[in-house]
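Here the structure is laid out as structure tokens; the discussion comes afterwards.
Per chain, numbering begins at 1; letters A, B, ... match sequence-line order. It should be emphasised that the depicted structure is a prediction, and the values quoted were computed from it without experimental measurement.
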Amino acid sequence: MESIIRAWRTAHADENGKLLASTISLTNTDLEEFAYSTNPARVAEDIFRSLEYENNSSRPKITNKTGLEAWAEVYVAYWKVAQALERHDEVEWGQVFVAMKDMTQAVIRGFQNGLWEVWQLEVLYTACKYLRYVAIRADEAKRSNGEDTWKSLEDAARIINRAFNVCLNDRAELAQSRKWGTYYIINILFKTYFKLNAITLSKNILKALVANTTEMPDLLDFRTSDVVTFKYYCGVIAFLDENYVKAEEHLEMAYQLCHKAAQKNKELILTYLIPTKLLTQRQLPSATLLKPYPLLESLFLPLAKCIKSGDLRGYDENLARGEDWFVKKRIFLTLERGRDITLRNLFRKVYLAAGDSKTRIPVDHFKAAVSWKSGVELEAEEVECYLANMIYKGYIKGYISREKGMVVLSGSNAFPGTGV
Amino acid sequence: MTTPPWRAAGGTAVQRPSFHPVSVRKNLGKSNSSNTYSTSQAPQQQQQPARRTQFPDALKAYVARTFEDCPSENKAEVEVSLKKIITDAFENETVWTIDWATHPLPAAARRQSTTTSDKMDISSGDDSSPASNTPTKNHSSNVSKGSKRKLSSRIASDKNEFTVTRPDKKYKKTNASDYSYEGPDAFKRLDKRYKRHQAKNVFSHYNAMHNALDSPAFAPIVGRATNLEKRYLRLTSAPDPDTVRPLHVLEKTLELLKSKWKAENNYSYICDQFKSLRQDLTVQHIKNDFTINVYEIHARIALEKADLGEYNQCQSQLANLYSEKIPGGHPHEFKAYRILYLLHTCNRTDMNDILASLTPAEKEDRAILHALAVRSAVAGGNFHRFFKLYLDAPNMGGYLMDSFIDRERLAALAAICRSYRPDIPFRHITEELGFENDAECEAFIVKHNAGNFIKTKESSKDDGTNKIVLETVKALPIIEAAKAVAFKKVDIKGQI
């Protein structure tokens, strides 16, 4: 116990938030020792004594009696967590979660009552982070027993939401404001909501954030890691809302700010940025861009090649090949729209091949091209339907003359944005 | 883990100074300040001054550690070298001064022990104090603990370097030397550590089940009513067994309702009766093939009458019943309906979920394949394919497609009006948009205020046949407006 409480003192003397947070971390190397250092009957007293001892031998004293009580509450709950983790042959995650909940709530209370300062925010981060972890394990344990539940995680989300409000609604002056913790907590919340498939709840968070935006420090003044994660989630939320312009903005920023060695994060961002750019800019990822990400490379690169060359069959096949992953990532329905661009590129090739009679091309020519490239013999009506859609969406400038079975293309810029 | 020495002794920081009297005999140089920390064995030493025959606890831990990860084939070799190390230590009278916690392990055992850093962490945690005073010997896996004491000085210097607005910035660099490491892999290490506890706990499941059944709020009732028909009334209090029909009565009720539906086709009556039937099932916690049957029949009737709200309520209940693996019913048929229904509500999020949930067997089912084809036709704007699928819908899919067929027709018509010049044969629209005949098509166009643009055109070939056409340019704005209205979000009661 002493090593933990001693670290508590050192952390306070140096105002070292990370060290302080490590005293309530589940990866603390002294966790087992701590679990065995006392027993349920004595824990409250032992911890309070220990804190009091360290407090009294500090110059100046770390805190007053109320402060000690607040910390004792945290460490007693932490001891219960440690106990549940270390003193059983089989960890009962439900039990750990209950203890973890108590601890997180004790931490939140510490901030709510204004006892703790901004440098101590790391404690809140650590508590929320592990609360989420333990909740997931608790639910997993229940599910492996056949009970379909996400109850613990939902519970955890509610508590983390309180932590969010504690940060967001702090009125202290900026240098001392707990508002500095807002984005870190938001990111944990987003993560949790995504896991719960409750993405609408994330939007509520964003709304609350917008309502408070005037007193908020500028986003870029926050830790870059927080900003990147936040922007990533904003991007994905916009993406799922089919607001691709906004999504591109957020994701682009996340990608630019992302640490160059954070391979995994960049891969996550690109997973959404690539389909987004396909729609907004009709831009395809290059081989160089995809090179460092074998998974993305194997799925996106063939697709990009087919889109470029107007290879409909290849496109369909590659989309089907990656379908499971695409669907899981929720990008399938967006990537599907890439077929339009594949088709447009194919039609453009027909146009380029037509030579002199460029502006008047029989529907049959397009039909032949589509049938060849998709490997299925199509009816003329279906090809007309494709052409009509292309014209309607502005991919092609021109019109269809049904009477003559001709497509009449605009003399200039017949395929806008492609140079012809 | 063996019990750490200091724990057995019940030692705390307060007791440490008691070591002083014995330190004199150890021939220590002045520079060695470790006597205040070195420790754990202190209390025991005092009790037993005959140290020669006594092993320090740290040494015991050292021996234990040596054998912990030692492969059995190396045991003999390790034993020999260990004996030598210890004998040497006693001979040189260094046995109490050597820092056993960080002393190198015998060569044969060392190879393995360095890889299991997890365990090393714990053991070093137990007698950490000596380690902190012998930085030169610092074991590689000891970093987390060993540098703890140096932290404060480092932080002090950091503090002066960084003066920024953001409060947490100044500790940016102390991360690696923190007393408990929180790296990006923290969770992975946690997972690994508690893996052994992963075994299934049979009892918790059993308990959870029992608790759920015992709780009074969940106790199902059994009805006593015997009349077959009952008006639906939304419950505002606990159900009264006298007005609830038990299962065997409900079975007869269903037969009665089926024959009445065939004979009278009175939807408001049937819907009301089915709702009360469903209510009786719910309050009695009846979940079996009969329940599924009731919901499926009600869902189909609702579909036929285009009552999507009622249909959807049945649909969501059915989804629950199927997922509980209750035998019976037609899960594939209703999954196909669900896909079509989501097309109607334009719910892309749920559509993605349902695509993700499809099993290979489901992807072979005819109805589901049809629904998927419809989905991809709508997504790709392939109205030609879409209306063909509409005319060829299995089961009651056609009824569901009816709910959004007008909307899709307007979308298709808008594309046609924009792309065909100068006009489009009327017959072509009838065929492409899946109308039964020209009259129906005309009614549709007139209904959307574009009737004025249907014109008769003299045939250029002079064969006497006049063509009826739609003037695309003029019709376009009106069709576009109608389309925009039709695509405004659909809101349906009971939607999940």
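- Heavy atoms closer than 4.5 Å to chain B are found in both the backbone and the side chain of A:R402.
- With chain B as the partner, the residue from A:F326, A:F332, A:Y133, A:Y386 showing the most heavy-atom pairs under 4.5 Å is A:Y133.
- Annotation: the span from A:C385 atom SG to B:F387 atom CZ amounts to 9.5 Å, rounded to 0.5 Å.
- Within the 4.5 angstrom heavy-atom criterion, only side-chain atoms of B:P425, from C-beta onward, approach chain A.
- Counting heavy atoms of neighbouring residues, nucleotides and ligands inside a 6.0 Å radius, atom NZ of A:K151 does not exceed 12 of them.
- Using a 4.5 Å heavy-atom threshold, the side chains of A:E384 and B:H428 count as touching.
- Only the side chain of B:E480 comes within less than 4.5 Å of a heavy atom in chain A; its backbone stays farther off.
- A salt bridge links A:R330 and B:D353; the closest N-O separation between the charged side-chain nitrogens and carboxylate oxygens is under 4.0 Å.
- Atom OH of residue A:Y399 and atom OG of residue B:S419 lie 12.0 Å apart, to the nearest 0.5 angstrom.
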### Residues A:L333, B:R375; criterion side-chain contact (heavy atoms from CB on, under 4.5 Å); working and verdict
CA-CA 10 Å; A:L333 299 178; B:R375 188 207 66 76; 3.2 Å; yes

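- Note that CD1 of B:I424 and CD1 of A:I400 are 7.5 Å apart. Values are rounded to the nearest 0.5 Å.
- For chain B, no part of A:S225 is nearby; none of its heavy atoms comes within less than 4.5 Å.
- Heavy atoms only, all atoms of each residue included: B:F383 and A:A388 are closest at CZ-CB, 4.4 Å.
- Taking CD of A:E381 as the reference point, atom NZ of B:K388 lies at 8.5 Å (rounded to 0.5 Å).
- Interface check for chain A: of the options B:A379, B:C417, B:G381, the most heavy-atom pairs under 4.5 Å are formed by B:G381.
- Neither the backbone nor the side chain of A:D241 comes within less than 4.5 Å of any heavy atom in chain B.
- Other residues, nucleotides and ligands contribute at most 12 non-hydrogen atoms within 6.0 Å of the NZ atom of A:K328.
- Contact of A:I396 with chain B is not made at all, since no heavy-atom distance falls under 4.5 Å.
- Both the backbone and the side chain of B:L355 come within contact range of chain A, judged by heavy atoms closer than 4.5 Å.
- No donor-acceptor pair closer than 3.5 Å links the side chain of A:N389 to the backbone N or O of B:A415.
- Counting heavy atoms of neighbouring residues, nucleotides and ligands inside a 6.0 Å radius, atom CZ of A:R49 does not exceed 12 of them.
- If you measure heavy-atom distances from B:S376 to chain A, the contacts under 4.5 Å come from both the backbone and the side chain.
- Using a cut-off of 4.0 Å between Lys/Arg side-chain N and Asp/Glu carboxylate O, A:E379 and B:R385 are scored as not salt-bridged.
- For the atom pair A:T334 OG1 and B:N352 CG, the distance stands at 8.5 Å (nearest 0.5 Å).
- Within 6.0 Å of NZ in A:K393 there are more than 12 heavy atoms belonging to other residues, nucleotides or ligands.
- Looking at B:A411, neither its backbone nor its side chain comes within 4.5 Å of chain A, counting heavy atoms on both sides.
- Counting non-hydrogen atoms of neighbouring residues, nucleotides and ligands closer than 6.0 angstrom, the CZ atom of B:R427 reaches no more than 12 such neighbours.
- Proximity to chain B (any heavy atom under 4.5 Å) is restricted, for A:E242, to the side chain, taken from C-beta onward.
- Both the backbone and the side chain of B:R421 come within contact range of chain A, judged by heavy atoms closer than 4.5 Å.
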